[in-house]
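Heads up: numbering here begins at 1 and tracks the sequence. Remember, it's 1-based here, ligands and their atoms both numbered in the order they're listed.
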Amino acid sequence: MDRRRCLDRDTASGLAAVRDRFELPADLVYLDGNSLGPLQAVVADRLAAVVADEWGHGLVRSWNEAGWLELTARCAARIARIVGAGPHEVTVTDSTSVDLFGVLAALRPLRPGREIVLTHDDNFPTDRYVTEGVAATVGDLEVVVTPADRLAERVAEDVAVVLATHVDYRTGARLDAPALTAAAHEAGALMVWDLAHSAGAVPVDLHGWGADAAVGCTYKFLNGGPGAPGWLFVRSGLASRVAPPIRGWFGHARPFDFARAYEPAPGAARFRNGTPPLLSLAALEAALRVWDDVDPAAATDHAAGLTATFLEALEAVGVDLAVATPLDPDRRGAQVSLRHGAAGAVMRALVAAGVIGDHRPPDLLRFGFSPLFVRHVDAWDAAATLRRVLEERPWEHGRTPPRGPVP
Ligand SMILES: *Cc1c(COP(=O)(O)O)cnc(C)c1O
């Protein structure tokens with residue numbers, strides 16, 4: 001394993017040309033697309049045009065003339081293809097946190113007499129907070145947590161809904177989604193997936209898994225832009241039986257009838273509520289166009305290859321930090337996390353050296369391998385730079401930038 005071999009792997013990869021669509025400085029290795037995906041030139045152009053032409057010139061006419069009304073559905077259809085869902089089973093609205101609240105609160109009445117929502121103790125904080133908030137709001141519901149690998153054995157007749165995050169944001173460990181979904185259904189519970197670190201990164205097949213509902217981000221591996229809205233999925237057949245907790249006019253079947261009576265839109269679109277964030281959606285739609293030319297399976301294969309290359313490169317250059325990420329490629333996401341007692345300082349030194357990953361307390365160095373723009377040679381260069389930083393230990397000589405509020 002050497003740098004030359006990484007360059008050869010990039011030449012053989014079908015995704016090399018896709019990287020050119022991203023506005024990444026040539027001397028930067030960006031391994032934080034799992035936190036904020038980078039900008040594509042086409043997105044910058046589209047945003048400028050939406051602001052100047054559609055808002056600035058078209059004004060309110062743009063609802064009709066620029067297709068603003070259908071923008072949400074167009075984004076949803078593109079995401080549906082990536083996650084193995086039908087276009088009407090997905091919508092794009094609010095933040096992932098709000099989407100999660102809506103989905104859990106709406107599903108809960110489908111399992112009367114069951115008083116538990118089951119999730120894992122190491123779940124992402126928002127999943128824990130929101131789940132507790134749902135329990136406090138809807139009543140007769142208690143949150144029970146187990147380690148992620150115990151969910152399947154804990155789920156039983158007292159569980160209404162199981163909520164699991166597919167890929168762990170800290171370690172990158174990936175759960176067996178079809179198996180856990182089957183276990184939940186066996187016990188008569190509904191299965192909700194948080195796919196924040198999955199869509200666009202690892203194979204997702206919501207129909208194949210039999211999932212009941214799911215939520216995810218668009219600003220991570222889908223590169224939708226800072227603060228881009230979340231997406232949610234409710235499987236067909238289920239959506240028509242649930243009532244979203246927030247019944248806003250944009251979730252109505254015909255918002256511009258201004259009807260007195262609420263009539264929910266068919267499918268997942270009923271989870272929309274107020275006027276959508278047009279500028280963010282326009283950026284997201286432009287960002288998702290890249291997937292018209294990329295087979296999601298080719299992208300997730302490339303991501304798996306990148307994490308494997310990074311692990312090989314670490315060994316080749318002699319970085320011997322503990323790997324927190326599972327070595328089985330089917331059990332990890334598009335991410336590798338390493339442990340170091342001074343992880344925050346190491347990461348700040350890496351960023352100063354042109355390799356951007358991030359740090360999750362207390363001791364994790366996190367490297368994301370977003371498939372549309374990361375190359376094998378980036379994985380090599382990151383490993384080599386990490387090796388150099390660990391040797392030079394600049395934080396011991398006061399040469400590391402101070403920490404900011406976001407690790
Ligand atoms: C990033 C992330 C979120 C983000 O939620 P927002 O409400 O969009 O900020 C949710 N869940 C998981 C597992 C995440 O990693």
Visitor: Run R128 and D121 through salt bridge (Lys or Arg N to Asp or Glu O under 4.0 Å) and show every step you take.
Guide: CA-CA 8 Å; R128 294 286 310 270; D121 51 11; over 6 Å; no

Visitor: Carefully, step by step, assess W249 and F256 under the rule ring-ring contact (aromatic ring centres under 6.0 Å, His included).
Guide: CA-CA 9 Å; W249 70 303; F256 289 94; 5.2 Å; yes

Visitor: At a heavy-atom distance under 4.0 Å, which protein residues reach ligand 1? Sort them by chain and number, would you?
Guide: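 Contacting ligand 1 under 4.0 Å are S95, T96, S97, F124, T126, D127, T165, D194, A196, H197, C217, Y219, K220.
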
Visitor: Determine the interplanar angle of the F310 and F369 rings, folded into 0 to 90°, and report it as parallel if under 30°, tilted if 30 to 60°, perpendicular if over 60°.
Guide: tilted

Visitor: For this output row, return yes or no: ring centroids of H376 and H302 closer than 6.0 angstrom.
Guide: yes

Visitor: Would you check if the distance from the ring center of W209 to the ring center of H166 is below 6.0 Å?
Guide: yes

Visitor: Assess the residue pair D168 and F124 against the criterion (side-chain contact (heavy atoms from CB on, under 4.5 Å)); give the C-alpha distance rounded to whole Å, side-chain angles, the decisive distance to 0.1 Å, and a yes or no.
Guide: CA-CA 8 Å; D168 184 283; F124 188 75; over 6 Å; no

